[in-house]
Each structure stands twice: as C-alpha cells, then as structure tokens.
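Atoms considered below: every heavy atom in the structure, side chains included; atoms not considered: hydrogens, waters and symmetry mates. Below, read A as the first sequence line, B as the second, and so on, with proteins coming before strands; counting in each chain starts at 1.
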There are 2 protein chains.
Amino acid sequence: MTRSTVTALRHDPVCDGTTGGVGPATPAESQGPCGQCDLGTLAFCDGFAARTISSLSRVQCTLRFEPHDTLFREGDQGLAVYSVVSGAVKVYKLMPDGRRQITGFFFRGDMFGFCLDGTYAYTAEAITPVGVCRLPMQRLGELAETAPEIQYRIVLRMTAKLAQFHDHVLLLGRKTARERVATFLLTLSDRARRRGDPPSPLSLPMGRADIADHIGLTVETVSRAMTWFKREGLLDLPSPSQVAIRQPEALRAIADGAG
Amino acid sequence: MTRSTVTALRHDPVCDGTTGGVGPATPAESQGPCGQCDLGTLAFCDGFAARTISSLSRVQCTLRFEPHDTLFREGDQGLAVYSVVSGAVKVYKLMPDGRRQITGFFFRGDMFGFCLDGTYAYTAEAITPVGVCRLPMQRLGELAETAPEIQYRIVLRMTAKLAQFHDHVLLLGRKTARERVATFLLTLSDRARRRGDPPSPLSLPMGRADIADHIGLTVETVSRAMTWFKREGLLDLPSPSQVAIRQPEALRAIADGAG
DNA sequence: CGCTACCTTGAGCGCCCTCAACTAAAGTGG
DNA sequence: CCACTTTAGTTGAGGGCGCTCAAGGTAGCG
C-alpha cells in the first residue's frame, strides 16, 4: 500500500507532501491506488478500464489534513483536483472586510478544485481530519485524450455541481431563515443517504458559524431556527453536531415554502 | 443557408421547430452551420477541426424565439444544449408560492441547458428576440467519443460557469443591496466587453423585476440603488434599459464592500 | 477547577420588504 | 391624431425579519 504511494510520488513531483507550502499535509499511509481505495462506487475512477485506472493511479496521490488545515487558497495556482476519501472539507470566498461565504461542503466521494486559467477561485479548508485523493489537473487533461471516459466523468460531476448551485442560489436569493435551515438539513441528509452514510441521526461536522456562512445567515439565526424545529418536534438535537430528523415531510414542506 | 437547416432537420428529428410544444419556435432562415454563423471566436465550435465542425453542423439546428417564449421548462426532458447567437435569455427556478430566482442571464456566445439525468433543473425564457444554436445532447455525447476536443470545450464552459456561481453565491449570501446592484452592473459590463459589445453605455435587456429576482432583492430596492448611484454621479441612466458607468473604480469599490 | 470555544437565548435596532401613489412610456381603438 | 389603457419604473411611508450586541449555558481540556 505504502509502495503505491511512493510510486505516485515518483511519477508526480508535485506530490511531495507540500501543497504550495500551505498546511502540514503529509502523504497518507493507508490508501492504495485508484480503484483500491475504499470509496467503492463513489470513487472517481470506479468502473474505468483497468488501463485507465492504472494510468490514474500513477499520477494520483493520497494526502491527509487536520482540522483548520488549508488545502489551497483563493488565487493559488490550480494544479490539482481533489476527491474526498474521508472527513469533511469546506470551500469559501472572503471579502476584504472579512465577510465570508462558504460556497460548498465536501464529503466522502465528492470532488472539488476544478478551476479556470490555472487559479483557484476559492479557499479549501479541512473541517475534520481529512483524507483526499489528489489528481494533477495537467496529467488528467493528457490522459483524457486517450481515455475520453475520464472527461465524461468530469462532465457528469460538474453537471451535478451546477444543479446544486442552482438550488443553492434559489435558497440564498429567495428563502427565509427557517426555509434555509430546513433545506440545508434535508440536503445534507439526502447527500448522506446517497453516499451510504446514515441519514439519521445526521452528522453536522461543521459548526454553526460554518452553516451560517453557507446559507447566508448569522450564527444566532441558525441556532434559533434549530431550536424552533426542536420545539415543534420536527427534529431532535442529541448534541449540537447531531440531528435526528423526526418529521422529514414537515421539514420538506417548510423547505419548499409551505411552512 | 436555409438548406443547411433543412439538412439539420433531416438528421435530427427533434429539430422540427417544436420544442416540446412550448413557445412558437420556428427554424431561422439566416443562420448557417457551425463555423459559419456570425459568432466568430465566441462560437462553441470555433477552432475545431473541419471534420468535427461538419459533424456538429449535421446535428445542429438554429431557432428563433420571441420575448416571453419559453425554450424549455424545469422538469422537461433535457434533450439539447443551447448556444445564444443573438438576444438575451433568462433562466429561473420557481417556488410553489410563486417566488422566483433567476439563476442566470445568457447572451451572445453563452451556452446553457446542460442537465443531469435527462431533466432540466430550470426554465429558460427569451427576454428579447433570440437566435439560438441548438445541439442535441445525445449526439454531442456520441461525437465526443471520436472528438474529445468537444468534451474538453464543454468542461471549459462549465468551469467558467462554476466560477460565476461561486461569485454569485457570495453576492447573494453576504452582500448588501447596493453592493449587489454594483456587482451586477460591473459583471454585466465585463461580460459585454469580453464578448465584444460596447461596455458603456451598458444595455440592460432585462427589466428591474428580472434584475431583482437575480440578485435577491425587490424591484423597489434595485430602483433605489440605481437612483442613488445616479445621484452620486457614479452612473447615468439615459433610459431605464441603458446605463453609462461614469466611475467604474468607485462602483468596483462599492461592489467589493469598500463603499 | 479554570479556561476556552461553541452554542443558545434575550433585547433592541436597522436594512430591506411591503404597500401605495405617482410618473413615464408604449400600445390600442376610435 | 388623440383619449384611454396597460405596463414598467420611481418615490415615499411604515413595518417586520433577521442582524447586532450582550449575557448565559455547556462541553472539552489543561
């Protein structure tokens, strides 16, 4: 296992444990090459031809990050895309005066880091301990010429992400505080279900401040909405980072504006 | 010219002038095949090999729509992607109670209609008289296997759109009313410049209500912000649909939160 | 036990929404 | 060509949702 990581290092000089000097990233010791990591059908390379997978495994490398580590910053040269193997990552943009907008959360199986003209448009930061599969973008482009299935897979991922953005823009532009929180919880629950994690009790690895900066509210408003849902019996909060959704339909009704 | 449209009709039975029975779409008479329309370097197929272009021209068809025509609705089967040749298109999602969020405006050279699992995630409606180049998605996927440059181009377009979304989510989640309007005007001006249209006086083909539903405000608030910018000498409003930006730097400062 | 970080709860205010009136411009029919 | 109607945009007055500011609670950790 460790040997395959070393192989990756030999073929991709960028994979030397430093990611632009940001964060104490260290090569992982427990992950194998593409197709052998434990992502199963969630893996980017799942279902690819053996030759494609071996090509990917030669340029891929697996990294670990600790909470608050920065994977890359807005403006950094965009050298690689990332696939989350374990843990949670948040991605955000900052305004000069410190206002922050978290544009996405990424979990097991999710990919991020696609960027234009070689510069990341946002900062990526680990929320929990994180394992990621890193794919150098340039190599990916070269491989795509011989294995068009790779680019098709990328198109699929990006299309899904675009659909998510449409929904989130609707949330931010037109929904009330309670509708936003309800939508957020249901979306997270749905994504957990799709990736095979228990959808209830739902795990909230991010703090209230992160949630607030994602759905365009303040910490206090998020907290009040959660407490209100709890009082109404729509959900339980065994701990601040765990939500048991009791009445999904009622929550859905609120999320869709019938509350 | 008309003959090439007829050719397209022969090869693509979907291109019969009806787009799901929605809107009085009629085949255009003035547009040629890919590479011969007047989009120049803005065209999706610009720079492709001659063989690729001829393949595209065989599945492509050009359509015209009038203001308020619906190109497709949210939930419709997603059969094709569109490239705007002339005019302006808005794309939006509706909530059950009528709240509307416009998730994007599309002008000359812009593409839209990429969708997952065969269903459009939003409704597309013509703002002005519109000419579009319509490319059936399935054929596009088939062609991509022999001409990977097509999918690479799609990836580029989608990457750019994703970056736009990140910016817009920041706008909706964290910016004040004036910051939103300033950002909106500058973004529109920048896009006009990139596509070769005069960036000033900037043309606003969409109404105040459309702007409001795009940046998460009300008509009144948009109007007040514009009047305020005018009073401060940042811009002129020769007509409601034309904006002459007098002080781009000052407007930029406001857009970025330094106002 | 004290410290820190995070979450929750409360009180008051402000930005933007709501409601309404007014103006301007464009279409309509005689 | 001109009254009438309709639609879009602007301006004003008042109210409410969510923000701000502040205090209190709770869990993790030395």
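- Between A/Phe72 and A/Tyr82, the gap from one ring centroid to the other is short of 6.0 Å.
- By the 4.5 Å heavy-atom criterion applied to side chains, B/Leu204 and B/Met226 are counted as neighbours.
- In this structure, CE of B/Met226 is placed 12 Å from P of D/dT11, rounded to the nearest angstrom.
- Between A/His214 and A/Phe184, the two ring planes are perpendicular [angle over 60°; tilted spans 30° to 60°].
- Between the CZ atom of B/Phe229 and the C1' atom of D/dT10 there is a distance of 16 Å, given to the nearest Å.
- Using a 4.0 Å cut-off between charged nitrogen and carboxylate oxygen, A/Asp167 and A/Lys175 do not count as a salt-bridge pair.
- Between the CG atom of B/Asp213 and the C1' atom of D/dG9 there is a distance of 15 Å, given to the nearest Å.
- Taken over five-pair windows at either terminus, the axes of the helix from C/dC1-D/dG30 to C/dG30-D/dC1 are inclined to one another by 30° (rounded to 10 degrees).
- One interatomic measurement links the two molecules: CG of A/Leu237 to C1' of D/dA27, which rounds to 15 Å at whole-angstrom precision.
- Going from atom NZ of A/Lys230 over to atom C1' of C/dT9 covers 13 Å, rounded to whole Å.
- Between B/Phe165 and A/Phe165, the angle of the ring planes stays under 30°, which puts this pair in the parallel group of the 30/60° scheme.
- Salt bridge status for A/Glu179 with B/Arg99: present, with a side-chain N to carboxylate O gap under 4.0 Å.
- Here C/dG10 presents its C1' atom at 12 Å from CZ of A/Arg231, a figure rounded to the nearest Å.
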Short heteroatom pairs, N/O only, protein and nucleotides 15-25 of chain D, under 3.5 Å:
| from | atom 1 | to | atom 2 | distance (Å) |
| --- | --- | --- | --- | --- |
| D/dG18 | OP1 | A/Ala177 | N | 2.7 |
| D/dC19 | OP2 | A/Thr218 | N | 3.4 |
| D/dC19 | OP2 | A/Thr218 | OG1 | 3.1 |
| D/dC19 | OP2 | A/Thr221 | OG1 | 2.4 |
| D/dT20 | O4 | A/Arg224 | NH2 | 3.2 |
| D/dC21 | N4 | A/Glu220 | OE2 | 2.9 |

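- Ion pairing between A/Asp213 and B/Arg174 holds under the 4.0 Å rule for side-chain N and carboxylate O.
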* Begin from the C-alpha positions of B/Tyr122 and B/Phe112 and carry the test ring pair (Phe, Tyr, Trp, His ring centres under 6.0 Å) through to its verdict. => CA-CA 10 Å; B/Tyr122 44 78; B/Phe112 62 94; 7.5 Å; no

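- Between A/Arg108 and A/Asp38 there is a salt bridge, since at least one side-chain N of the basic residue sits less than 4.0 Å from a carboxylate O of the acidic one.
- Rounded to whole angstrom, the span from the CG atom of A/Asp210 across to the C1' atom of C/dA5 amounts to 13 Å.
- In this model, the phosphate group of C/dT9 is not approached by any side-chain N or O of A/Ser223 to a distance below 4.0 Å at OP1 or OP2.
- The environment of CD in A/Gln242 is crowded: more than 12 heavy-atom neighbours from other residues, nucleotides or ligands sit within 6.0 Å.
- If you take CZ of A/Arg208 and C1' of C/dT9, they are 14 Å apart, rounded to a whole angstrom.
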Please enumerate all protein N or O atoms sitting under 3.5 Å from an N or O of nucleotides 22-28 of chain C, with distances to 0.1 Å.
none

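- Of the possible polar contacts, none joining the A/Ser223 side chain to the A/Val219 backbone as a donor-acceptor pair under 3.5 Å is found.
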